[in-house]
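To start, the structure under review is shown below, and the notes come after it.
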Amino acid sequence: RQIGQYMNLSFQRPAARISGAPLHPEASIEISLNRESYGASVPGDETLWTLPAADWSTYARGGRLEVWLRLASVGEALAIDPAGSALSGRRLGFSLRVVEPAGRASEPASMPPVTVCTPPEPPSASHPEVMEDGIRVAWGAGVARTPSSRLDIYRAGINDSLPESPIAT
């Protein structure tokens with residue numbers, strides 16, 4: 001699914017081989033764009049991203065893994081558009097496979113393709129308000145982007161200083 005400037009790939013966390021034997025601790029997941037995503041002139045699917053098993057907990061959401069790919073990264077990987085805007089209207093399909101040392105690999109599993117849409121402009125005129133049980137943030141509809149139009153979100157306790165970098169942008 002697409003959320004703003006990102007594609008979200010959500011899939012069951014691999015746990016074992018079909019035989020029931022555990023995966024090798026150095027296994028990895030390879031993520032590829034399906035051939036139809038970038039044209040038949042490219043011979044076969046191409047692995048674009050690899051997730052080592054040691055990093056899977058970073059992507060864990062319950063029994064699933066969620067991987068977020070920036071549309072700009074997909075555009076760069078396809079060598080068609082570093083900004084990702086040329087992807088609008090294009091159907092992107094992804095395949096996953098588990099690879100273990102010594103070349104052992106699962107069959108690729110395809111994810112349903114998603115048609116990329118032009119994301120809405122970021123919100124404008126944000127107004128944070130301290131509430132008894134937290135903070136409420138209200139904002140206006142997005143306006144055409146300028147280099148400085150962005151909303152950064154920081155998290156800090158009442159007695160903590162503001163961190164150097166935002167938790168989200």
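Starting from 1, each residue takes its place in the sequence as its number.
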Seminar exercise, completed: Which of V67, L69, V114 passes side-chain contact (heavy atoms from CB on, under 4.5 Å) with F94? Answer is L69
Exercise. Which heavy atom in R13 sits nearest to a heavy atom in A60, and how many Å separate them?
Worked result: NH1-CB, 3.7 Å
Problem set entry | Residue pair L96, W49: steps toward the side chain to side chain contact (heavy atoms under 4.5 Å, CB included) verdict | CA-CA 10 Å; L96 310 167; W49 299 278; over 6 Å; no
For this session: Locate the shortest heavy-atom distance separating L51 from W56; write the atom from each residue and the value.
Result: O-NE1, 3.0 Å
For this session: Could you list the residues that satisfy side chain to side chain contact (heavy atoms under 4.5 Å, CB included) with A105, not counting sequence neighbours?
Result: R97, V99
Exercise. Under the 3.5 angstrom rule, does the side chain of E26 hit a backbone N or O of S28 as a donor-acceptor pair?
Worked result: no
Problem set entry | Pairs touching residues 126-138 that satisfy salt bridge (Lys or Arg N to Asp or Glu O under 4.0 Å), sequence neighbours left out | E129-R136
Exercise. Is there any salt bridge (Lys or Arg N to Asp or Glu O under 4.0 Å) pair reaching into residues 47-56, and which pairs are they, with sequence neighbours excluded?
Worked result: none
Exercise. Quick one: side chain to side chain contact (heavy atoms under 4.5 Å, CB included) partners of I135, sequence neighbours excluded?
Worked result: P128, V137
Exercise. Would the number of heavy atoms belonging to other residues, nucleotides or ligands and lying under 6.0 Å from CD1 of I18 be above 12?
Worked result: no
For this session: Kindly compute the distance separating CG (L33) from CE (M111), expressed to the nearest 0.5 Å.
Result: 12.0 Å
Seminar exercise, completed: Rounding to 0.5 Å, atoms OG (S73) and OH (Y6) come to a distance of 8.5 Å
Exercise. How close do P25 and A53 get, heavy atom to heavy atom, and via which atoms?
Worked result: O-CB, 3.6 Å
Exercise. Which heavy-atom pair separates P113 from R91 by the least distance, and what is that distance?
Worked result: CG-NH2, 2.9 Å
For this session: Sequence neighbours left out, what passes side chain to side chain contact (heavy atoms under 4.5 Å, CB included) with R61? Give chain and number order.
Result: E66
Problem set entry | With sequence neighbours excluded, residues passing side chain to side chain contact (heavy atoms under 4.5 Å, CB included) with A54 | none
Exercise. What pairs with R17 under salt bridge (charged side-chain N to carboxylate O under 4.0 Å, His left out), at least two apart in sequence or on another chain?
Worked result: E100
Problem set entry | Nearest heavy atoms of L71 and G4, plus distance in Å | CD1-O, 3.9 Å
Exercise. Does atom CZ of R104 have more than 12 heavy-atom neighbours from other groups under 6.0 Å away?
Worked result: no
Problem set entry | Where S95 and S110 come nearest, the two heavy atoms and their spacing | OG-OG, 3.5 Å
For this session: Using side-chain hydrogen bond (donor to acceptor under 3.5 Å, both in side chains) as the criterion, list what pairs up with T50, not counting sequence neighbours.
Result: none
